[in-house]
There are 2 protein chains.
Amino acid sequence: MSVQERKQRERAERERLIVATARELAEQQGWDAVTTRRLAERIEYSQPVLYSHFRGKREIIGAVALEGAAEMAAALRAATSAADGPRTRVTALARTYLDFAERNPAVYDAMFQLDGGLAFAHEDTPEPLKDAFAALLECLGEVAGDGVHPGLFTEVFWAAVHGLVTLTRAGRLPPGDTGLRVELLVDRLAKI
Amino acid sequence: MSVQERKQRERAERERLIVATARELAEQQGWDAVTTRRLAERIEYSQPVLYSHFRGKREIIGAVALEGAAEMAAALRAATSAADGPRTRVTALARTYLDFAERNPAVYDAMFQLDGGLAFAHEDTPEPLKDAFAALLECLGEVAGDGVHPGLFTEVFWAAVHGLVTLTRAGRLPPGDTGLRVELLVDRLAKI
DNA sequence: GACGTGACCCTAGCATCGCTAGACAAGCGA
DNA sequence: TCGCTTGTCTAGCGATGCTAGGGTCACGTC
């Protein structure tokens, strides 16, 4: 039994190594540089090993996305619980979200830009993704305003922040005034 | 002289054919299906011909994006000029934007999702892109509210709508309540 | 009207991509 | 010690974006 257990442990460890290496490589050189050959070389195994852990490259991206979602949820909760007063909380939430996206661009891409083969907005959505949305909802639900469904409000707020992230990072918006934009967004959207 | 002119005309015509075919193929089967081989086959020329018109695939995507930007600007102006009253105008603007993205997903991707090698938010930004932003600004500037820079307000509003588009199309938001979301967005963001 | 020249286009190929088949070795249980 | 399962690697497939080189056709000139 213990032999099998050791093998399972080693397999799990290698799987973590694959995901971590993919993420590292993506953050360093972009997702285009994350080829199965390069990834295999970095983990010091041959290509087919990757396919014994994941169905394909998509699934590796998906694994990075899930890891990122868990981290983001934790970061958002940490930020909101450290702030008191709805307004401070919402501002902290938005800033933390943008900050996470800026510091982990490749992970953010894996979550929302690339196809990681993940299901969203269904009952079979992976837990970390639902939890990240829940983290948003916990904070934003209390400032939705009367007669506005908290979920709907959260979706709209999320979309707005997400739009800021993607347009800024793609060079579509000048990067300087992000702070002002967030301020305006919170001011107008949240009913405080 | 007339011979050269004819050749130039034919070249320009073929360039239009390339862009139109790329767009058509992308709308039919997605950008992944737009390979240089398939594209060459559809226009009934060999691959290298593409490279005598464009530096590479990126530039073809960029050309589709520019075409789309011009169309979008026209659509937005048509919608806003047909509506009277700031509120109706802004709502019409947002709806038209979302409608354009929904009807031309591949073109929208070329504009904002893919790398078309285009410069944004610089002085060397291509004219159609600046003009599309101007079309937004014309309508949104009048509802920015006191003390808020119209450009900044337009950026935020644009980001919000863009976020709705991308998250909805990527399956991150349930597609049913788009109308409600737009309503909420206009209600809260615009100072009417 | 024949000819040299230049523009134009196509065939063929390169390196790289994601992914897989099949051979081979290592380590387990009997 | 032997047979077998499990696991890994080498080699290769089709497809990608892109390019080099040769060949053909039509033009302008004498």
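Between atom NZ of residue B/Lys130 and atom OG1 of residue B/Thr125 there is a gap of 6.0 Å, rounded to the nearest 0.5 Å. To the nearest 0.5 angstrom, A/Glu13 atom CD is 4.5 Å from A/Arg16 atom CZ. Residue B/Arg42 holds its CZ atom at 10.0 Å from OG1 of B/Thr35, rounded to the nearest 0.5 Å.
Among the heavy atoms of the strands lying under 4.0 Å from B/Arg14 are primed sugar atoms or P, OP1, OP2 only; no base atom is included. Residue contacts shown for B/Arg38 are limited to sugar-phosphate atoms, with no base heavy atom under 4.0 Å away.
Note on B/Leu140: it does not cluster hydrophobically with B/Leu137, by side-chain heavy-atom contacts below 4.5 Å among ILVMFWY residues.
Taking the screw axis at each terminus of the helix from C/dG1-D/dC30 to C/dA30-D/dT1 from five consecutive base pairs, the angle between the two is 10° to within rounding of 10 degrees.
To the nearest angstrom, P of D/dC25 lies 14 Å from NZ of B/Lys7. Atom P of nucleotide C/dC8 and atom CD of B/Glu15 are separated by 14 Å, given to the nearest angstrom. Nucleotide C/dT20 holds its P atom 10 Å from the CZ atom of A/Arg55, rounded to whole Å. Distance, B/Lys57 NZ to D/dT19 P: 15 Å, rounded to whole Å. One interatomic measurement links the two molecules: CD1 of B/Ile61 to C1' of D/dG17, which rounds to 12 Å at whole-angstrom precision. Between the CH2 atom of B/Trp31 and the P atom of D/dG17 there is a distance of 12 Å, given to the nearest Å. Remark: P of D/dC25 and CD of B/Glu10 are 17 Å apart, rounded to the nearest angstrom. Atom CG in A/Asp115 sits roughly 14 Å away from atom C1' in C/dG18 (whole-Å rounding).
A heavy-atom distance below 4.5 Å is found between the side chains of B/Leu39 and B/Ile18.
Residue pairs satisfying the ring-ring contact (aromatic ring centres under 6.0 Å, His included) criterion with at least one member in residues 161-183 of chain B, sequence neighbours excluded, are listed as follows: B/Tyr108-B/His162, B/Phe112-B/His162.
Here A/Thr36 does not reach the OP1 or OP2 of C/dC19: none of its side-chain N or O atoms lies under 4.0 Å away. Between B/Ser46 and C/dC9 there is no side-chain N or O to OP1 or OP2 distance below 4.0 Å.
Comparing A/Arg37 and A/Ser52 against DNA chain D, the residue whose closest nucleotide sits nearer the 5' end is A/Ser52.
A donor-acceptor pair under 3.5 Å is formed between the side chain of A/Asn104 and the backbone N or O of A/Phe100.
Contact of A/Gln47 with D/dC9 (side chain to base): no donor-acceptor pair of N or O atoms is detected under 3.5 Å.
Proximity note for B/Pro48 (side chain, C-beta onward) versus C/dC8, C/dC10, C/dC17: the nearest is C/dC10. Checking D/dG17, C/dC10, D/dT8 against the side-chain heavy atoms of A/Tyr45 singles out D/dT8 as nearest.
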